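Reviewing the structure listed below.
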Amino acid sequence: MNILLFGPPGAGKGTQSSLLVERKKMRHISTGDLFRAAIKNQTPLGKEAKGYLDAGRLVPDSVTIGMVQEALNELRDDFILDGFPRNLAQADALDMILDEQKLKLDNAVFLEVSTDELVERLSGRRTCRTCGASYHVKNKPPKDGVHCDTCGGTDIYQRADDAPEAIRTRMQVYEASTRPLKEYYEKRGELRLVDGSGSEHDVYRRIEKALGC
Ligand code: AMP
């Protein structure tokens with residue numbers, strides 16, 4: 001099954017993708033992770049993208065679509081697209097890319113979360129710089145308080161785009177650019193609305209139910 005996960009920032013796309021990878025052995029493609037890796041490795045793409053990520057704005061389509069096209073090369077079934085598409089032009093580009101590779105999207109899962117819960121999640125979120133694992137200062141600190149549970153790394157930091165000003169920008173970008181995708185996928189009969197509030201395990205069970213898997 002091929003799916004995409006979308007929703008407002010902080011809806012839990014990354015967390016739910018990790019669970020789907022672990023339990024259903026799906027392949028995960030996250031544009032946010034690809035950009036963060038490029039920034040960490042100081043590649044030309046990373047240098048171009050950094051300012052946009054830090055400010056919480058979308059990286060221009062010309063750059064993003066090219067990057068995704070490359071990442072999706074030789075894609076096989078059972079993938080999760082996390083964070084792409086984020087606007088209608090990217091959704092059209094994705095249709096073309098999948099057509100070229102004779103692949104089909106089965107479900108577009110939209111995670112719904114109230115604005116209050118989103119702000120609470122994002123402002124308390126911390127991320128492992130080494131492996132990208134996600135934590136929360138109150139709800140999900142690393143088990144020993146210091147080391148990443150997944151890779152043992154000690155550099156657990158607050159993403160620049162989880163600072164208050166960038167969170168506001170990301171919410172505005174989401175409203176203007178990404179929310180319209182709901183209607184786009186609804187018209188095609190691919191939209192699956194999932195309540196993304198509460199614990200990650202509750203949300204995961206709702207996703208399984210929505211996907212029938
Ligand atoms: P995420 O990890 O999905 O929250 O993405 C982090 C940031 O990466 C976003 O705020 C954007 O700056 C950038 N980004 C990720 N996906 C896209 C995309 N599809 N189009 C443009 N920018 C993106």
Side-chain angles (χ1 to χ4, degrees), residues 3-18 20-21 28-41 43 45-72 75 79-98 105 108-111 113 115 117-136 156-182 184-185 196 200:
I3 67 172
L4 60 87
L5 272 183
F6 71 118
K13 302 183 292 289
T15 304
Q16 295 304 322
S17 296
S18 302
L20 286 162
V21 168
H28 179 212
I29 299 139
S30 153
T31 41
D33 286 351
L34 290 173
F35 283 129
R36 280 185 289 276
I39 291 170
K40 192 171 155 194
N41 297 325
T43 67
L45 171 73
K47 286 181 187 151
E48 191 166 0
K50 186 173 183 334
Y52 294 101
L53 265 86
D54 286 353
R57 291 166 47 218
L58 292 187
V59 179
D61 286 348
S62 53
V63 177
T64 306
I65 291 170
M67 178 184 78
V68 169
Q69 208 149 16
E70 217 169 287
L72 296 192
L75 189 71
F79 62 79
I80 310 163
L81 266 179
D82 157 8
F84 185 90
R86 258 178 156 96
N87 61 30
L88 291 167
Q90 293 182 4
D92 285 340
L94 176 63
D95 288 343
M96 277 171 47
I97 296 171
L98 293 179
L105 191 70
V109 177
F110 180 84
L111 294 173
V113 181
T115 306
E117 191 168 339
L118 291 174
V119 170
E120 215 270 325
R121 285 184 187 180
L122 288 172
S123 52
R125 179 160 72 178
R126 299 292 181 269
T127 305
C128 172
R129 206 184 291 274
T130 311
C131 74
S134 190
Y135 296 94
H136 189 277
I156 294 176
Y157 76 115
Q158 181 174 42
R159 279 168 41 175
D161 59 345
D162 284 340
E165 184 55 37
I167 292 177
R168 267 193 291 280
T169 305
R170 288 163 71 200
M171 293 292 191
Q172 284 159 6
V173 167
Y174 160 75
E175 284 297 331
S177 303
T178 311
R179 190 195 272 280
L181 291 178
K182 262 173 99 170
Y184 180 88
Y185 287 110
E200 58 187 57

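All ligand and atom numbering here is 1-based and tracks the order in the structure. Nothing here was measured: the structure is a model prediction, and the numbers come from that model. Heavy atoms only: backbone and side chains are in, while hydrogens, waters and symmetry mates are out.
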To check you understand the geometry: which heavy-atom pair defines the closest contact between Gly56 and Val173, and what is its length? O-CG2, 3.9 Å
Arg170 CZ to Leu58 CG distance, which is reported to the nearest 0.5 Å: 10.5 Å
Who pairs with Ala71 by side chain to side chain contact (heavy atoms under 4.5 Å, CB included), at least two apart in sequence or on another chain? Ile29, Leu34
Residues in the immediate environment of ligand 1 (any heavy atom closer than 4.0 angstrom): Thr31, Gly32, Phe35, Arg36, Tyr52, Leu53, Arg57, Leu58, Val59, Thr64, Gly83, Phe84, Arg86, Gln90, Arg159, Asp161, Arg170
Donor-acceptor contacts, no H, no angles, side chain residues 80-88, under 3.5 Å, sequence neighbours left out:
| residue | atom | partner | partner atom | Å |
| --- | --- | --- | --- | --- |
| Asp82 | OD2 | His28 | NE2 | 2.9 |
| Arg86 | NH1 | Gly83 | O | 3.0 |
| Asn87 | OD1 | Ala89 | N | 3.3 |
| Asn87 | OD1 | Gln90 | N | 2.8 |
| Asn87 | ND2 | Asp61 | OD1 | 3.1 |
| Asn87 | ND2 | Asp61 | OD2 | 3.4 |

Would you check if Thr127 and Tyr157 make a side-chain contact, meaning some heavy-atom pair closer than 4.5 Å? yes
Just list the side-chain donor-acceptor pairs under 3.5 Å for residues 62-69, sequence neighbours left out, or say none.
| residue | atom | partner | partner atom | Å |
| --- | --- | --- | --- | --- |
| Thr64 | OG1 | Val59 | O | 3.2 |
| Thr64 | OG1 | Pro60 | O | 3.1 |

